[in-house]
Amino acid sequence: MSARRPVAAFQNRKNDPIKSHPFTRPTVAAAVELLASKLSQAKFDQVLVRLELDHKIPLGPGKSVTPKSALLAGAVMRRPA
């Protein structure tokens with residue numbers, strides 16, 4: 001099993017290995033839809049925390065995964081490439 005890099009390693013976007021090969025908007029939208037359909041409320045919230053979007057998208061049972069996934073898609077699409 002390979003060692004996982006801490007999230008902090010990618011705080012500086014220059015170190016981000018996918019920056020030079022960004023995903024297309026349809027791919028990002030499909031990935032968010034897949035996450036929403038397969039993950040529980042708690043697992044989806046963990047994704048938001050790992051992406052450091054928990055300050056923009058409310059965690060917990062206040063919103064279902066479907067509206068959270070719409071907010072996640074919007075937040076990811078607005079991030080600079």
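With contacts defined as side-chain heavy-atom distances shorter than 4.5 Å, the pair L71/K63 qualifies. Side-chain contact between L48 and L59 is present, with heavy atoms from C-beta onward closer than 4.5 Å. Q41 is listed as a side-chain neighbour of D45, based on a closest heavy-atom distance under 4.5 Å.
Using modelled atom types, one finds a donor on one side chain and an acceptor on the other under 3.5 Å when comparing T27 with T24.
Taken from CD in E33 to CG in L72, the straight-line distance is 11.5 Å, to the nearest 0.5 Å. To the nearest 0.5 angstrom, L34 atom CG is 11.0 Å from S69 atom OG. A distance of 9.0 Å separates CZ in F44 from OG1 in T66, rounded to the nearest 0.5 Å.
Of the possible polar contacts, one joining the K68 side chain to the G60 backbone as a donor-acceptor pair under 3.5 Å is found.
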